[in-house]
Amino acid sequence: MQTNKKKNCSFALSQPIYMKIKLSILIFLASIIQLNAQDSTYRFSLQQAIEFAYQNQTNVKNALLDEQIAKQRVNEIKGMGTPQINGDVDLNKFIDIPTSFVPAEFFGGEPGSFAAVQFGLPYTSTANITATQLLFDGSYLVGLKASKTFQELSTKQTIQTKIETSVAVSKAYYLVLVSSASLELVKANEIRVKKYRDDLKLMFENGLVEKLDLDRAELNYNNILVQKQNIERISAIAYSTLKFQMGMAQTANLQLTDQLDESKWGAMSIPTQADYNNRNEYSLMQTQERFKELDLKNNRSKYYPSLVAFGSAGTTAARSEFNILNSDYRWYPTTIVGLKLTVPIWNGLQTNSRVKQSKLELNKIQNSMETFKQSVTFEFENAKSNLQNNLSELETSKKNRELATEIVRVTKIKFDNGVGSSLEMANAEADLKEAENNYFRAMYNTIISKIDVDKALGNIK
């Protein structure tokens with residue numbers, strides 16, 4: 001009996017310990033889940049969002065990889081001017097030894113006749129090492145300069161990709177801010193309109209207003225709910241767009257730390273003209289022009305000779321049996337050095353055609369540069385005009401919003417004091433909703449046109 005009691009006592013003591021261990025494990029797992037959830041939450045200003053996109057956006061990452069490819073291409077071209085060394089070894093087994101024909105009179109035969117003889121041994125092997133050094137080649141010298149220009153071109157293309165990414169992220173970021181501000185305002189309107197409807201419902205139950213008045217208030221409240229749902233959907237799409245432009249996972253939790261400063265966009269100076277020299281695209285075209293000029297020089301250099309030094313050292317063995325590696329038998333060395341001068345004489349005018357193609361390609365990029373100069377002015381004037389129009393619209397819509405807000409306030413006072421109608425109240429609410437929609441649309445359009453002006457001026461670096 002004593003033994004059984006000890007066993008029961010031991011089991012009873014183990015239960016709390018087991019529960020504590022289980023609880024500790026659950027707490028530990030919960031902390032890991034919470035930590036992971038926190039890790040997937042990002043709080044970004046606009047600049048932080050742009051920096052994140054530089055690290056994670058696919059186009060930017062590929063542009064950086066292109067830079068590395070260009071760098072390795074330069075190393076490849078440089079390597080062509082260094083000594084080129086190769087080694088080779090071969091082992092041959094003649095199933096049938098080659099047959100040669102010699103005059104038969106060498107062996108006592110009739111003059112004028114030939115005898116078939118086989119020279120050689122069935123097993124042969126050779127080992128060689130060769131080296132070449134380019135001494136002069138105009139194409140190589142031009143290609144070396146072109147490879148460096150290609151690397152510069154790749155770097156400027158990365159800059160251009162980052163500019164385009166910055167513009168896309170900025171527009172998406174402000175879309176989120178504007179839609180969020182609009183949503184907050186609609187929620188405030190919902191509370192106010194709901195209170196008005198509830199008050200009107202109580203007045204209707206006491207016989208103070210007609211059913212038509214209550215129906216108008218209910219209709220206005222339902223419209224506010226529909227408006228809120230639409231803005232919520234727009235806000236969700238805006239967040240998804242921003243995450244996509246940043247290269248962020250759609251499942252990540254993103255919070256924006258910048259605020260929509262309305263005063264910042266209401267007053268700003270507008271430049272009078274744009275300079276195409278400030279644009280990275282023009283610098284990119286200039287590099288492309290130099291690249292095409294080097295390509296033209298490269299094709300012209302094909303008219304000139306090239307000079308290469310070479311050397312070769314090898315050894316040969318021949319055996320009647322398969323004992324090539326036997327050190328008792330001799331290997332026969334062969335060594336040669338020399339220079340090789342290659343002079344182009346005639347290739348069916350291929351070089352001439354390549355030169356003409358290069359000239360035409362150079363003309364194309366020069367034409368594109370002239371067109372770009374004109375397009376910068378057009379782009380800037382168009383963006384400036386849009387900005388001016390949007391600023392004017394923003395100022396007007398801001399005043400209209402303030403007026404509509406005041407009209408709603410006064411109309412509500414009149415209605416509460418029995419000197420106003422529900423129709424006036426409904427009309428005032430509808431006008432306020434339209435004024436607020438116009439205001440936020442003008443705000444977003446102003447921000448976007450300001451970004452377009454900065455891009456046209458080359459201010460986005």
Side-chain angles (χ1 to χ4, degrees), residues 54-55 58-90 127-163 280-314 335-345 347 349-366 368-369 461:
Y54 288 166
Q55 299 296 325
T58 300
N59 291 337
V60 177
K61 291 195 293 185
N62 285 342
L64 292 172
L65 290 175
D66 287 337
E67 278 196 64
Q68 297 299 317
I69 292 172
K71 182 178 180 180
Q72 296 305 318
R73 177 59 178 166
V74 172
N75 294 336
E76 178 187 355
I77 298 298
K78 288 180 179 179
M80 295 172 60
T82 62
Q84 310 293 304
I85 302 174
N86 295 288
D88 65 86
V89 177
D90 66 65
N128 293 287
I129 183 169
T130 59
T132 59
Q133 173 62 57
L134 184 65
L135 299 180
F136 174 79
D137 191 328
S139 179
Y140 167 73
L141 298 176
V142 176
L144 192 60
K145 294 180 180 179
S147 65
K148 294 179 180 179
T149 305
F150 178 70
Q151 186 175 6
E152 179 186 350
L153 181 65
S154 180
T155 300
K156 291 183 177 180
Q157 286 173 335
T158 299
I159 295 173
Q160 185 60 34
T161 301
K162 287 186 175 182
I163 291 174
N280 181 72
E281 296 99 315
Y282 188 71
S283 177
L284 186 62
M285 287 183 172
Q286 288 178 315
T287 306
Q288 290 174 332
E289 182 185 28
R290 291 200 304 273
F291 189 78
K292 295 298 182 182
E293 290 172 346
L294 289 171
D295 182 62
L296 176 59
K297 289 182 179 179
N298 178 57
N299 286 319
R300 283 174 172 168
S301 69
K302 300 295 176 63
Y303 287 118
Y304 305 120
S306 62
L307 181 64
V308 176
F310 63 88
S312 174
T335 305
I336 184 174
V337 294
L339 295 173
K340 180 180 179 181
L341 178 66
T342 302
V343 180
I345 298 176
N347 64 356
L349 298 177
Q350 294 183 54
T351 301
N352 181 63
S353 296
R354 293 192 190 103
V355 169
K356 290 181 178 180
Q357 290 179 54
S358 296
K359 288 181 179 178
L360 295 174
E361 291 290 342
L362 180 59
N363 290 337
K364 282 177 60 179
I365 190 63
Q366 290 172 343
S368 297
M369 292 174 69
K461 302 298 183 181

T58 and N62: side chain donor to acceptor below 3.5 Å: no

Check against side chain to side chain contact (heavy atoms under 4.5 Å, CB included), F310 and V337: CA-CA 6 Å; F310 63 88; V337 294; over 6 Å; no

Passing candidate, side chain to side chain contact (heavy atoms under 4.5 Å, CB included) with V355, options Q350, K302, R300: R300

Separation between OG of S301 and CZ of F136, rounded to the nearest 0.5 Å: 8.0 Å

Lys/Arg-Asp/Glu bridge criterion (N-O < 4.0 Å) met for K71, E67: no

Heavy-atom side-chain contact between D295 and E361 under 4.5 Å: no

Closest approach of I77 to S147 (non-hydrogen atoms, all atoms of both residues): CG1-CB, 3.8 Å

Value rounded to 0.5 Å, distance of CG in D88 from OG1 in T130: 6.5 Å

Polar contact flag, side-chain donor to acceptor under 3.5 angstrom, N59-T161: no

Between CE on residue M285 and CD on residue Q366, distance to nearest 0.5 Å: 12.0 Å

Value rounded to 0.5 Å, distance of CD1 in I69 from OG in S154: 8.0 Å

Identified side-chain hydrogen bond (donor to acceptor under 3.5 Å, both in side chains) partner of N280 from the options Q160, Q157, K461: Q160

Distance, nearest 0.5 Å, that separates CD of Q68 from CD of Q151: 9.0 Å

Test item: side-chain donor near acceptor, N299 and S358, under 3.5 Å: yes

side-chain contact (heavy atoms from CB on, under 4.5 Å) partners for T149, two or more places apart: T287, R290, F291, L294

Step-by-step salt bridge (Lys or Arg N to Asp or Glu O under 4.0 Å) determination, K156 to E152: CA-CA 6 Å; K156 291 183 177 180; E152 179 186 350; 3.2 Å; yes

Side-chain donor-acceptor contact under 3.5 Å, Q84 with T132: no

Closest contact, heavy atoms only, L362 versus I365: O-CG2, 3.0 Å

Donor-acceptor pair between S139 and N298 side chains, under 3.5 angstrom: yes

More than 12 heavy atoms of other groups within 6.0 Å of Y304 OH: no

Evaluation steps, side chain to side chain contact (heavy atoms under 4.5 Å, CB included), between V308 and L339: CA-CA 6 Å; V308 176; L339 295 173; over 6 Å; no

Between CD on residue Q133 and CG on residue L135, distance to nearest 0.5 Å: 6.0 Å

Side chain to side chain contact (heavy atoms under 4.5 Å, CB included) evaluation trace for I129 with N86: CA-CA 6 Å; I129 183 169; N86 295 288; over 6 Å; no

Side-chain touch V74/F150, heavy atoms, less than 4.5 angstrom: no

By side-chain contact (heavy atoms from CB on, under 4.5 Å) - contacts of S353 (at least two apart): Q357

NZ/NE/NH1/NH2 to OD/OE distance under 4.0 Å, R73 and E76: yes

Full working for side chain to side chain contact (heavy atoms under 4.5 Å, CB included) between K340 and T342: CA-CA 6 Å; K340 180 180 179 181; T342 302; 3.8 Å; yes

Minimum side-chain heavy-atom gap L134-Y140 below 4.5 Å: yes

Stacked cation flag K162 on Y54, 6.0 angstrom / 45 deg: yes

